[in-house]
Amino acid sequence: TAPETSGLTVEQAREVPTLLSGTQDKRDMLTVYGILDGMRTRRRLFYIEERGTTQEFSGAIDEEQMDIVMGLVGQQVVARIERLVLLRADGSKSHPSYALKSIAPDASLV
């Protein structure tokens, strides 16, 4: 039997890079219990070490959260963090990025 072949028209071939360059956002929310290990005020970044694991999270802080976060540095906290991963059309994924959505002292330890 003869091998099967296929081909692309010139128009289809021109569209391939565009189709493969597309990205899709995958967002989900995490609840993290741990110590607010630190923050960077100029860059508006937080650092949380998750309790009971070796997992560390760092990411963006909204401007209006800065005072709250500053007051919790060094304390046990519960944080809601949004994780964003970009899924590319070629099947690859970006490293996750994180953004702080809410943070409070961990009342379960009081």
Side-chain angles (χ1 to χ4, degrees):
T1 62
E4 291 188 32
T5 61
S6 64
L8 295 174
T9 66
V10 172
E11 268 185 37
Q12 289 171 325
R14 286 187 183 129
E15 290 179 26
V16 169
T18 303
L19 292 171
L20 292 179
S21 68
T23 59
Q24 181 179 357
D25 290 0
K26 180 179 182 293
R27 297 173 188 266
D28 58 338
M29 293 297 289
L30 308 173
T31 301
V32 177
Y33 295 85
I35 188 163
L36 181 60
D37 189 43
M39 67 179 292
R40 300 278 305 265
T41 55
R42 196 169 290 167
R43 293 189 181 152
R44 294 195 344 244
L45 296 173
F46 70 89
Y47 303 92
I48 295 177
E49 293 179 14
E50 188 172 34
R51 186 169 64 235
T53 73
T54 58
Q55 181 78 40
E56 294 179 289
F57 296 92
S58 65
I61 305 169
D62 286 338
E63 184 75 39
E64 59 272 3
Q65 296 175 307
M66 292 297 290
D67 290 340
I68 296 166
V69 175
M70 275 192 238
L72 293 172
V73 171
Q75 296 183 43
Q76 291 288 333
V77 296
V78 57
R80 295 281 293 155
I81 299 172
E82 182 180 62
R83 175 174 47 198
L84 169 64
V85 176
L86 297 178
L87 306 173
R88 295 182 195 94
D90 65 4
S92 63
K93 297 178 185 179
S94 70
H95 289 288
S97 63
Y98 301 97
L100 188 66
K101 294 301 175 184
S102 67
I103 191 166
D106 187 349
S108 71
L109 296 176
V110 178

Trainee: Side chain to side chain donor-acceptor pair (under 3.5 Å), that's the test. Do T31 and R80 meet it? Break it down for me.
Mentor: CA-CA 5 Å; T31 301; R80 295 281 293 155; 2.6 Å; yes
Trainee: Going by side-chain contact (heavy atoms from CB on, under 4.5 Å), Y33 matches just one of Q76, E50, R51. Which one?
Mentor: R51
Trainee: Ignoring hydrogens, what is the shortest heavy-atom contact between V85 and S94? Give both atom names and the distance.
Mentor: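 Looks like CG1-O, 3.6 Å.
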Trainee: State, with a plain yes or no, whether a side-chain heavy atom of M70 is found less than 4.5 Å away from one of D67.
Mentor: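 Yes. Closest side-chain heavy atoms under 4.5 Å.
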Trainee: Can you name the side-chain hydrogen bond (donor to acceptor under 3.5 Å, both in side chains) partners of E49, sequence neighbours left out?
Mentor: none
Trainee: What closest approach, in Å, do L100 and A79 show between heavy atoms, and which atom pair accounts for it?
Mentor: CD1-CB, 3.9 Å
Trainee: Report the distance from atom CD of E64 to atom CE of M66, rounding to the nearest 0.5 Å.
Mentor: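 Answer for the CD-CE pair, E64 versus M66, is 11.0 Å.
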Trainee: Should the heavy atoms of other residues, nucleotides or ligands under 6.0 Å from CD of Q12 be counted, would the total exceed 12?
Mentor: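 Result for CD/Q12: enclosed.
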Trainee: Looking at every heavy atom in both D25 and R27, which two are closest together, and how far apart are they?
Mentor: OD2-NH2, 3.2 Å
Trainee: Measuring from S102:OG to Q65:CD, what's the distance to the nearest 0.5 Å?
Mentor: 7.5 Å
Trainee: Any chance you could measure Q55, atom CD, to I48, atom CD1, to the nearest 0.5 Å?
Mentor: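 The distance works out to 11.0 Å.
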Trainee: Let me check something: do I103 and L84 share a hydrophobic cluster, defined by ILVMFWY side-chain heavy atoms less than 4.5 Å apart, either directly or through other members?
Mentor: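 In one cluster with I103: L84, no.
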Trainee: Please answer: with hydrophobic residues joined when any side-chain heavy atoms are less than 4.5 Å apart, are Y98 and V78 in the same cluster?
Mentor: no
Trainee: May I have the list of side-chain donor-acceptor pairs in residues 34-47 shorter than 3.5 Å, sequence neighbours left out?
Mentor:
unit_1: R44; atom_1: NE; unit_2: I61; atom_2: O; d: 3.0
unit_1: R44; atom_1: NH1; unit_2: E63; atom_2: OE1; d: 3.4

